[in-house]
Amino acid sequence: MSINTIIMPFASQENGEMRLRGALSLAQYFGAHLDVLHAQMGSEQLMPTEKQLVSRKFYDQIDKIVRDYIHYDMSQAKQVFEQWCRAAHIVEGEASSSQASASWHDIFGYRGDIVAEWGKVSDLIIIPKSLNGQTSISFESAISHGGKPVIVMPRTQTHFSPETVMIAWNGDKAAANAVSSALPLLKRVKQVVVVTSERSIAKKPTQLDVACYLNRHQVEVECITFGQRNRNTGAQLLEVANELRADVIVSGACAHQKLHQKVFGGVTKTLLVESAVPLWMMS
């Protein structure tokens, strides 16, 4: 597998310029095409039932106000995107070679639906780190329905050129999916370290099995085991990542259904909230 198509939903202007720069840097790193999906909701999405309750004239007035605001918002964001494409010498539109390229898409619709749809025809989905510590609609949709790896990027990270990658390994399916999907990344970096807690060291496949698997893909790895102290596993993983000066953490995104909502487990939640480096994840 190679990373040729990357998508990034873009619905909020918060740290918008830095997020665009980070996404474009990621596209350059892989020599990939980046699709920025500027998702906005029009009047029909914001007021689906009110249309039947108000006069046509009043509804049209509201619709014009909403569309004028959205048009201004989209224009401002797109100008920043075009500016940084030029600054980074990234081709706008489809490139004819392996040179990085990028396209801007103004889309009306629900962000979760857009991410799920476009994710199925991408190789990697960029999701910004949450502002409030809660998982976003984009992240949940990408993990649950996109079917591709997700990279959760810190909102202020503008450059992507990792040298050390840490793999958080516990032997489960999500971790295995994350590792195999990350091969294009693992083959490019200088150091790969597989980290497992003592609690999971005997779970199969073990970290040594992962090392053997990766060696067959010409990826050399180191293996580290950490003792289980009176702290949660996620916090200890982040401590090890800090000691290694890891630039990216590869991890499964473990989740379960509760009351029809996606609820992410303790380790996943800790990584999403507290990690200062990008997280490469799959479920």
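Worth knowing before you read on, the calculation uses all heavy atoms, side chains too, and leaves out hydrogens, waters and symmetry mates.
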I249/L238 under side-chain contact (heavy atoms from CB on, under 4.5 Å): CA gap, chis, key distance, verdict: CA-CA 9 Å; I249 298 172; L238 290 174; 3.8 Å; yes
Chi angles and distances behind the side-chain contact (heavy atoms from CB on, under 4.5 Å) call for R19, I126: CA-CA 10 Å; R19 285 162 49 207; I126 302 174; over 6 Å; no
Step-by-step side-chain contact (heavy atoms from CB on, under 4.5 Å) determination, L214 to L186: CA-CA 9 Å; L214 291 175; L186 301 179; 3.9 Å; yes
Derivation and outcome, side-chain contact (heavy atoms from CB on, under 4.5 Å), residues F139 and M281: CA-CA 10 Å; F139 177 78; M281 293 182 141; 4.0 Å; yes
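The backbone N or O of A202 sits nowhere less than 3.5 Å from a side-chain atom of T206 that would complete a donor-acceptor pair. Looking at Q99, its side chain never comes within 3.5 Å of a backbone N or O of G31 through a donor-acceptor pair. With K129 contributing its side chain and V273 its backbone, the two residues share a donor-acceptor pair below 3.5 Å. With S144 contributing its side chain and E140 its backbone, the two residues share a donor-acceptor pair below 3.5 Å. Counting only distance, with no hydrogens or angles, the side chain of K120 and the backbone of V115 share no donor-acceptor pair below 3.5 Å. Without hydrogens or angle criteria, E92 side chain to I90 main chain gives no donor-acceptor distance under 3.5 Å. Judged by distance alone, with hydrogens and angles left aside, the side-chain atoms of Q191 form no donor-acceptor pair with the main-chain N or O of M166 at under 3.5 Å. Without hydrogens or angle criteria, S141 side chain to G112 main chain gives a donor-acceptor distance under 3.5 Å. Of the possible polar contacts, one joining the S181 side chain to the A178 backbone as a donor-acceptor pair under 3.5 Å is found. Although no hydrogens or angles enter the test, the distance criterion places no donor-acceptor pair under 3.5 Å between the side chain of E94 and the main chain of H33.
Under the side chain to side chain donor-acceptor pair (under 3.5 Å) criterion, W84 pairs with E17, sequence neighbours left out. Applying the side chain to side chain donor-acceptor pair (under 3.5 Å) test to N242 and every residue at least two apart in sequence or in another chain returns nothing.
When hydrophobic clusters are built by joining Ile, Leu, Val, Met, Phe, Trp and Tyr residues whose side-chain heavy atoms come closer than 4.5 Å, directly or via intermediates, M18 is not grouped with L279. By the criterion of side-chain heavy atoms lying less than 4.5 angstrom apart, applied directly or through intervening Ile, Leu, Val, Met, Phe, Trp or Tyr residues, L20 is grouped together with Y29 in one hydrophobic cluster. Taken together through direct or relayed side-chain contacts under 4.5 Å among Ile, Leu, Val, Met, Phe, Trp and Tyr, V91 and L26 form parts of separate hydrophobic clusters. Hydrophobic clustering places F30 together with V219 (ILVMFWY residues linked when any side-chain heavy atoms are closer than 4.5 Å, directly or through intermediates). Under the 4.5 Å side-chain heavy-atom criterion for ILVMFWY residues, a single connected hydrophobic cluster contains both L271 and L244.
Heavy-atom contacts from other residues, nucleotides or ligands closer than 6.0 Å to CD of Q83 number more than 12.
Between D35 atom CG and I6 atom CD1 the span is 9.5 Å, to the nearest 0.5 Å. Going from atom OH of Y110 over to atom CD of E117 covers 15.0 Å, rounded to the nearest 0.5 Å. To the nearest 0.5 Å, atoms CD1 (I107) and NE2 (H38) are separated by 10.0 Å. Interatomic distance, S25 OG to Q157 CD, rounded to the nearest 0.5 Å: 8.0 Å. Within the model, atoms CG of L185 and CD1 of I151 stand 7.0 Å from one another, a figure rounded to the nearest 0.5 Å. With values rounded to the nearest 0.5 angstrom, S130 atom OG is found 10.5 Å from K269 atom NZ.
Nearest heavy-atom pair across R199 and T233 is NH1-OG1, 4.2 Å. When all heavy atoms are compared, the tightest approach of N177 to S283 is ND2-O, 3.0 Å. Shortest non-hydrogen contact noted between A246 and V277 is O-CG1, 3.5 Å. When all heavy atoms are compared, the tightest approach of I127 to P9 is CD1-CG, 3.8 Å. The nearest pair of heavy atoms linking N170 to A175 is OD1-CB, 3.6 Å. Minimum interatomic distance between A102 and C85 (heavy atoms only, all atoms of both residues): CB-SG, 4.1 Å.
Between K203 and T196, the closest side-chain pair of non-hydrogen atoms is not below 4.5 Å. Two residues are said to be in side-chain contact when any heavy atoms from C-beta on lie closer than 4.5 Å; L183 and Y213 meet this criterion. Residues V194 and V179 form no side-chain contact, since every pair of their non-hydrogen atoms from C-beta on lies 4.5 Å or further apart. Here the side chains of P278 and V152 are not in contact, with every heavy-atom distance at 4.5 Å or above. The side-chain heavy atoms of I167 and V195, taken from C-beta on, include no pair separated by under 4.5 Å. Contact annotation: the side chain of I125 never approaches that of W118 to less than 4.5 Å [non-hydrogen atoms, C-beta and beyond]. Taking 4.5 Å as the limit, some side-chain heavy atom of V165 sits within range of a side-chain heavy atom of V250. Residues L131 and E14 are in side-chain contact: their nearest non-hydrogen atoms beyond the backbone lie under 4.5 Å apart.
The aromatic rings of W104 and F81 sit tilted relative to each other, their planes meeting at an angle between 30° and 60°.
C223 pairs in a side chain to side chain contact (heavy atoms under 4.5 Å, CB included) with only one of the listed residues (L208, V193, I201, V210), which is L208.
Neither side chain, S200 nor Q207, offers a donor N or O lying under 3.5 Å from an acceptor on the other.
Residue pairs meeting the salt bridge (charged side-chain N to carboxylate O under 4.0 Å, His left out) criterion with at least one member in residues 176-195, sequence neighbours excluded: E163-K190.
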